[in-house]
Protein chains: 2
Amino acid sequence: MKMNEGVEWALHSCVNLCWLPEQAVPAAKLAAFYNLPAAYLNKQLQALTRAGILSSTPGPKGGFQLARFPEQISVLDIVVAIDGPDEAFRCSEILRDGPGGNATTDYRKTCLISQTMRTAELNWRRELAAATIADIVAKVERTFPATPENTRRWFEGLRT
Amino acid sequence: MKMNEGVEWALHSCVNLCWLPEQAVPAAKLAAFYNLPAAYLNKQLQALTRAGILSSTPGPKGGFQLARFPEQISVLDIVVAIDGPDEAFRCSEILRDGPGGNATTDYRKTCLISQTMRTAELNWRRELAAATIADIVAKVERTFPATPENTRRWFEGLRT
DNA sequence: GTCATAGTACTCGGATAATCGTTGTCCGAGTACGTTTGG
DNA sequence: CCAAACGTACTCGGACAACGATTATCCGAGTACTATGAC
């Protein structure tokens, strides 16, 4: 079980975009900040755009920027946008193929093993849905007060 | 993010083994119960054996059986045995490659994004660690009282 | 001097390979049982 | 009749392929800016 690596990149990029409001940042610059492969990060940002988390503008002075307020972007939103909506544990309803299996019943709901795995994963999703980008940004600014200004300056410096 | 499919098979097989105590059940029979590929299920049962969850005996009248009491086998134990111990979200510490990155600090602990993902996943693990095979068996017996006897009879019938 | 126009550089976007992990299969090592053979 | 040895069938165990998803890369469509030339 391995989550798509792009989730980490997307989360960090969204946090950085919070500190660069009112401007579009190209994928190449966001990638250069962490020395990431630019083309691949671009692919992830495209997924965020399709999900309505970012908005993109092509051409010179173009790039990506947040499409919503940070308070309205949950960590789960980004995970789903990059990693897909499917659950990790997928009940294949093997009880149906066993003796006494019924073709009509939905074993995803009746099977107690499925229920156990499902509720655990649902709570995981709930926790990630409660955490917003704004929360993370606030914690970073409280823990490392210099980070926002440093980040802003780094991107400004690259701009020249 | 997709969990190994064998986890579901392993969980169901362990529950079935609870109803067949004092005897070794070969992988082929456990697979036939759900029409699963026998050789591949065997592979998963091997992993459970390596983890100390099952004990195996080769030769005629051989097979697998629980190595511990069902109360001492958590769902997490089985997940870890089959799917591996690695976490789904793996912080690659990209902050180190960014400006102001330090080579000595452990960003898995300081990075707030990593913390958020980590605690959510830790809670997920905690929940699965609290659920034992005995719990699931008890719930099944309470919800479907006929299942244990039916299962036992099915395996006995195949034995002839 | 001013405006229109052509050119250029830059950006996203999707289509296209390479790599890794999961899925699936196979054959060999070892064990217990049944059978046979000698005493 | 009894016991020991042999052969056979069955099981796990790990090594070996096939498939699919993730990872990575590249080129084309479109846009805004810039430079140039005509009026």
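So that the names make sense, note that chain A is the first sequence line, chain B the second, and so on, each numbered from 1. Note that the structure is predicted; figures quoted are calculated from it, not measured.
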Candidate nucleotides dT22(D), dA15(C), dC26(C), ranked by approach to the side chain of Ala39(B) - the nearest: dC26(C)
With the side chain of Tyr40(A) defined as its heavy atoms from C-beta on, choose the nearest nucleotide among dA32(C), dC12(C), dT23(D). dT23(D)
Rounding to a whole Å, what distance do you find between Gln65(A):CD and dC12(C):C1'? 13 Å
Atom pair distance, as rounded to whole Å: NZ in Lys43(B) and P in dC27(C): 16 Å
N/O (side chain, Arg50(B)) to phosphate O (OP1/OP2, dG14(D)) under 4.0 Å: yes
The residue, Glu5(A) or Ala27(B), whose nearest nucleotide of DNA chain D is more 5′ is Ala27(B)
Contact between Thr110(B) and Leu95(B) at the side-chain level, heavy atoms closer than 4.5 Å - yes or no? no
Spell out, as yes or no, whether a donor-acceptor pair under 3.5 Å connects the side chain of Thr132(B) to the backbone of Glu71(B). no
With nearest nucleotides of DNA chain C determined for Gly59(B) and Leu45(A) from heavy-atom distances, which residue corresponds to the more 5′ nucleotide? Leu45(A)
Ile53(B) CD1 to dC12(D) P, in whole Å, measures 17 Å
Ser92(A) side chain to Glu5(B) side chain, donor-acceptor N/O pair below 3.5 angstrom: no
dT23(D), OP1 or OP2 - any side-chain N/O from Lys2(A) closer than 4.0 Å? yes
Starting from C1' on dG14(C), measure out to CD on Gln44(A) and report it in whole angstrom. 14 Å
Return the value, rounded to whole Å, for the distance between atom CD of Gln46(A) and atom C1' of dA29(D). 13 Å
In terms of side-chain heavy atoms of Thr49(A), which of dG13(C), dT25(C), dT11(C) is nearest? dG13(C)
Please check the phosphate of dG13(D) (OP1 and OP2 only) for any side-chain N or O of Ser56(B) closer than 4.0 Å. yes
Integer-rounded Å distance: dA21(D) C1' and Asp86(A) CG: 12 Å
Rounded to whole angstrom units, what separation is found between the CG atom of Leu41(A) and the P atom of dT11(C)? 14 Å
Which residue lies toward the 5' end of DNA chain C, Pro37(B) or Asp83(B), if each is placed at its nearest nucleotide? Asp83(B)
Could you tell me whether Arg152(A) and Glu149(A) make a salt bridge, using a distance below 4.0 angstrom between a side-chain N and a carboxylate O? yes
Run the ring-centre check on Phe155(A) versus Trp19(A) and record whether the distance is less than 6.0 Å. no
Protein-nucleotide distance (Lys61(B), atom NZ; dA9(D), atom C1'), rounded to Å: 13 Å
Asn42(A) side chain N/O closer than 4.0 Å to the phosphate oxygens (OP1, OP2) of dT11(C)? no
